[in-house]
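Reviewing the structure listed below.
Worth knowing before you read on, the calculation uses all heavy atoms, side chains too, and leaves out hydrogens, waters and symmetry mates.
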Amino acid sequence: MTTILLLVVLPVLFLTSVASAGYFLLVLPSRWRLPYEEALGLLASDDRDALERADRLLGQAVNEGPRGRALNRIRFAQAYVRAMLGTYEPARYAAAATVLDELTAAEGPTRDTAYLELYVQARLGNHDRVTDLYAEHHDVLDARPQSRRIAAIAHLQLATGHWRRRETDGALHHFDRVRELGELTEHIPAEVNDLQLVKGVQAVFDGRTDDAREAFADARERSVARETPTVQAELGLLVCDWAEGDPAQLGAWLARLAEQVDPGDESLAEEERAAAERLRTGIAVLRLVVLLREWLARPALSGAPAPDDFEELRRRVDAVRDADPELGDAALVDGLVRYYFAFSQPEREQALAALDAGTELAKGVMLPEVLDLMERERALGGEGDAISRYLTLVAELLDDPDRSEEDRAQFRRLQARFAPFGDPGDLADGAVPHQRAAADDHRRRSRALRRRIELIVFPRIRDLPDDAPAKRALRDLLADLDRASGAYAEGAEILHGAEQQLITRTGEILLPEES
């Protein structure tokens, strides 16, 4: 009996086990495997309808309840197909990212999931997330050149954003990462190498010298690391030391920098040569200015610059003109220095000629103070103009009906003394009316006479010391004129007498020796 039962039960149990195994091993897997395999056949297509069908099939496969690695494979395929559909419908990228998050949580990051997530986050515009992913999984991602390109694109996007917001450090950080990746380096703007310099220049203008020095020092280190010229960074550091630095040391520093700039280098591109020209001009101007600072640093009462000093000034002025012939800075410094140290009227006229030439350049002298100085000097004129003004004044006094015969005789004698030296010609000098003047007008006439005498005599006595006899006498006579004008009520003869003495003394100053 027992044997019969065993013979019956054992086959039934065997058949049941076989049936169960076949159901779980063949029937159930086929319910998700068939749509999964069909979907895989559609993934290679770029057709949207095919990709949509693949997504539906993968969703059906997930609903059939696969487990373990099978479920992970289906989820990866689902994330992939949704990433492909993102080309047509960008919202699908977010759906793909959600599936990838679930997949990563289940089995951890792999080379394939890391790359696909990198791609999806780049499509979503999450550039910070892309750079973080690449930094986190670079060991597995470096094997794919395309992943380096995706990371480079993200760094370029972030660098551009920082640059637009003038966040120099952030922009430099991301541009450096692009260089390290070795992808898309041709898209790094040439100006990026100047970002630290721009940061330093802005700090200088803001008065943040310490920040400027730090920025220029960083720029120099970056240039050394890239084996590029450090002249601009060195020049920025020099500017930081300009106010407190020793002029002689600054001059030597500038001389070294000038030797490193060669705009004529044939290996330089056109833009680089233009930049080198501008740099050479700036260094030449600074060398010219620092020479004046060296003069100012000399001990007090050490005397005027020697001929050798002026020769060095000429060389540095010529260097500025050679660097930029249309720049007026050379004429400005040269003209003002020579005007200040002029010993005679001819030297002063040469200095004014240099200033005048500087105003005619494209980038000429435009300082209002200098233009006013030149205008005043033109108004004063030279000694020849002074004699013409003097003769005009004497002629007007001869025609004045208020003058006595004795005064006219004196004025005729003065005209005779000056006859060999020219006549007033057509020189207009604000002639005094020849009709009899009211008593109140004499004060205004005296003030006008005082101004005209000052203009006439100034070119002759301007270089004399203050205690010179001619200057003292002129001051005394002008004071007498003021007193006589104030006391005109006591009699016009007092005023006329003071005027006559002033006119006579002026003639003696202009012609100190008998002709």
- Between A342 and R348, what is the shortest heavy-atom contact and its length? CB-N, 3.7 Å
- Separation of L355 CG from L371 CG (nearest 0.5 Å): 9.5 Å
- Going through the checks in order, is the salt bridge (Lys or Arg N to Asp or Glu O under 4.0 Å) test met by D132 and R129? CA-CA 5 Å; D132 291 342; R129 178 60 179 158; 5.5 Å; no
- Message: Do T131 and R177 make a side-chain contact, defined as non-hydrogen atoms from C-beta onward lying under 4.5 Å apart?
- Response: no
- Note on the structure: Minimal heavy-atom distance between V130 and A154, with the atoms involved, is CG1-CB, 3.7 Å
- Message: For a quick test of reading the model, state the closest non-hydrogen atom pair linking V178 to H155 and the distance between them.
- Response: CG2-CB, 3.6 Å
- Query: What is the ring orientation for F310 with F341, classed by angle as parallel under 30°, tilted 30 to 60°, or perpendicular over 60°?
  - Reply: perpendicular
Tabulate below the donor-acceptor pairs under 3.5 Å that side-chain atoms of residues 324-336 make, not counting sequence neighbours, or state none.
residue	atom	partner	partner atom	Å
D324	OD1	E326	N	3.1
D324	OD2	K363	NZ	2.4
E326	OE1	A362	N	2.9
D334	OD1	R338	NE	2.8

- Y134 side chain near R148 side chain, heavy-atom distance below 4.5 Å: yes
- Query: Shortest non-hydrogen contact from V204 to V239?
  - Reply: CG1-CG1, 4.2 Å
- Query: So, D322 side chain and A319 main chain: donor-acceptor pair closer than 3.5 Å or not?
  - Reply: no
- Query: In Å and rounded to the nearest 0.5 Å, what is the CD to CD1 distance from Q232 to I283?
  - Reply: 9.0 Å
- Can you tell me how far CD of E183 sits from CG of L156, rounded to the nearest 0.5 angstrom? 10.5 Å
- Do the side chains of R316 and V290 get nearer than 4.5 Å, heavy atoms only? yes
- Note on the structure: Nearest heavy-atom approach of V261 to A276 is CG1-O, 3.4 Å
- If you round to the nearest 0.5 Å, how far is CD of Q157 from CD1 of I153? 8.0 Å
- Query: Do other residues, nucleotides or ligands put more than 12 heavy atoms under 6.0 Å from R164 CZ?
  - Reply: no
- For the student: nearest non-hydrogen atoms of F216 and A233, plus distance: O-CB, 3.6 Å
- Item | Pairs meeting criterion side chain to side chain donor-acceptor pair (under 3.5 Å) with involvement of residues 244-256, two or more places apart | E234-W253
- Task: To the nearest 0.5 Å, tell me how far I150 CD1 sits from L181 CG.
- Result: 11.5 Å
- Query: H174 versus T160: any side-chain heavy-atom pair under 4.5 Å?
  - Reply: no
- Message: In the structure I gave you, are the side-chain heavy atoms of T359 and M374 within less than 4.5 Å of one another anywhere?
- Response: yes
- Query: What distance do R293 atom CZ and R298 atom CZ have between them, rounded to the nearest 0.5 Å?
  - Reply: 14.5 Å
- For the pair R472 and D476, find out whether any cationic side-chain nitrogen is under 4.0 Å from an anionic carboxylate oxygen. no
- Within a strict 4.5 Å, meaning less than it, do heavy atoms of the L257 and L279 side chains meet? no
